[in-house]
Amino acid sequence: QVQLVESGGGLVQTGGSLRLSCVVSGDTFSIRVMAWFRQAPGKEREFVNAISWGGSSTLYADSVKGRFTISRDSAKNTVYLQMNSLKPEDTAVYYCAARRHWGTKMSQLEYDYWGQGTQVTVSS
């Protein structure tokens with residue numbers, strides 16, 4: 001089993017920055033890809049970005065390209081989401097997800113483990 005714990009959410013003004021962290025524990029050797037998803041009130045969960053565990057491959061949703069960056073520290077078993085130039089439409093609960101198979105994917109159905117989420121609120 002794998003456990004994911006997110007942290008770093010909060011309230012920020014438009015144009016501000018936040019960095020989310022996701023600590024991975026348990027059977028980390030089974031993990032091949034990590035991703036961030038988000039879910040705004042009344043909307044479906046959507047893909048944000050993903051990274052291969054070795055860091056060689058990344059995938060981004062068009063809505064966050066150029067503003068958000070995913071990275072990982074394998075020694076710390078931690079994945080980060082650096083969010084810059086935040087907009088009110090970025091307000092959502094952000095979830096960390098892990099996948100046991102190779103290949104960065106956008107569908108939440110491709111991910112095997114999920115964290116409980118951290119709230120990000122961007123005020124206008």
Side-chain angles (χ1 to χ4, degrees):
Q1 284 294 318
V2 173
Q3 294 78 44
L4 308 176
V5 178
E6 305 97 333
S7 62
L11 175 64
V12 63
Q13 292 185 334
T14 296
S17 298
L18 276 177
R19 189 177 80 157
L20 307 184
S21 300
C22 174
V23 178
V24 186
S25 61
D27 186 16
T28 58
F29 291 104
S30 68
I31 299 303
R32 299 292 179 263
V33 176
M34 297 293 300
W36 289 95
F37 286 77
R38 66 185 181 184
Q39 187 167 18
K43 295 187 177 181
E44 294 188 355
R45 191 174 298 186
E46 66 173 2
F47 173 81
V48 176
N49 50 26
I51 188 168
S52 58
W53 192 245
S56 62
S57 177
T58 57
L59 182 65
Y60 286 83
D62 289 342
S63 59
V64 305
K65 280 182 181 177
R67 300 188 300 123
F68 290 11
T69 303
I70 188 171
S71 62
R72 92 281 176 262
D73 185 333
S74 298
K76 295 182 178 180
N77 288 336
T78 301
V79 177
Y80 303 99
L81 177 61
Q82 178 66 44
M83 304 184 291
N84 299 329
S85 302
L86 283 162
K87 306 174 183 179
E89 51 263 45
D90 294 319
T91 295
V93 177
Y94 283 72
Y95 297 90
C96 178
R99 174 175 158 80
R100 291 178 296 178
H101 303 284
W102 291 113
T104 51
K105 303 291 185 182
M106 288 188 172
S107 171
Q108 58 180 315
L109 299 177
E110 299 282 356
Y111 291 84
D112 304 292
Y113 304 103
W114 293 85
Q116 295 196 339
T118 185
Q119 176 71 47
V120 172
T121 303
V122 184
S123 63
S124 56

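Position 1 is the first residue of the sequence, and the numbers go up from there.
- Between L86 and F68 the shortest side-chain heavy-atom distance falls below 4.5 Å.
- Formation of a donor-acceptor pair under 3.5 Å by the E6 side chain with backbone atoms of T118 is not found in this model.
- The closest donor-acceptor contact from the side chain of R99 to the backbone of H101 lies under 3.5 Å.
- Residue Y80 comes nearest to D73 through the heavy atom pair CE1-CB, 4.0 Å, listed as atom of the first residue, atom of the second, then distance.
- Taking CD1 from I51 and CG from L59, the interatomic distance works out to 11.0 Å, rounded to the nearest 0.5 Å.
- The shortest non-hydrogen separation linking R72 to G54 is NH2-O, 2.6 Å.
- Considering every non-hydrogen atom in both S85 and S17, the closest pair reads N-OG, 4.4 Å.
- Judged purely by distance below 3.5 Å, without hydrogens or angles, the side chains of Y94 and R38 pair a donor atom with an acceptor atom.
- Side-chain contact between Y113 and D27 is absent, with no heavy-atom pair separated by less than 4.5 Å.
- Taking the side chain as every heavy atom from C-beta outward, V120 and M83 approach each other to under 4.5 Å.
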For W53 and N77: C-alpha separation, side-chain torsions, deciding distance, then whether side chain to side chain contact (heavy atoms under 4.5 Å, CB included) applies. CA-CA 9 Å; W53 192 245; N77 288 336; 3.6 Å; yes
Going through the distances and angles, do N49 and L81 end up as a side chain to side chain contact (heavy atoms under 4.5 Å, CB included)? CA-CA 9 Å; N49 50 26; L81 177 61; 3.2 Å; yes
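- R19 is linked by a salt bridge (Lys or Arg N to Asp or Glu O under 4.0 Å) to nothing, counting only residues two or more places apart in sequence or in another chain.
- Taking 4.5 Å as the limit, some side-chain heavy atom of C22 sits within range of a side-chain heavy atom of W36.
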Working note: R45 + W114, criterion side chain to side chain contact (heavy atoms under 4.5 Å, CB included); need CA distance, chi angles, decisive distance, verdict. CA-CA 12 Å; R45 191 174 298 186; W114 293 85; 3.2 Å; yes
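- The two atoms that bring Q119 and V93 nearest to each other are OE1-CG2, 3.2 Å, heavy atoms only.
- In terms of the salt bridge (Lys or Arg N to Asp or Glu O under 4.0 Å) criterion, residue partners of K65 (sequence neighbours excluded) are, by chain and number, D62.
- Among residues two or more places apart in sequence or in another chain, the salt bridge (Lys or Arg N to Asp or Glu O under 4.0 Å) test is passed with E89 by none.
- Between V33 and A50, the shortest heavy-atom contact is CG1-CB, 4.2 Å.
- Looking at heavy atoms from C-beta onward, Y95 lies out of side-chain contact with L4 at the 4.5 angstrom threshold.
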Take V79 and I70, measure what side chain to side chain contact (heavy atoms under 4.5 Å, CB included) needs, and give me the verdict at the end. CA-CA 7 Å; V79 177; I70 188 171; 3.9 Å; yes
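- Side-chain atoms of Y111 do not come within 3.5 Å of backbone N or O of C96 as any donor-acceptor pair.
- For the pair R32 (side chain) and S52 (backbone), a donor-acceptor distance under 3.5 Å is absent.
- A40 approaches T91 most closely through the heavy-atom pair CB-O, 3.6 Å.
- In this structure, the side chains of F29 and V2 stay at 4.5 Å or more apart for every pair of heavy atoms.
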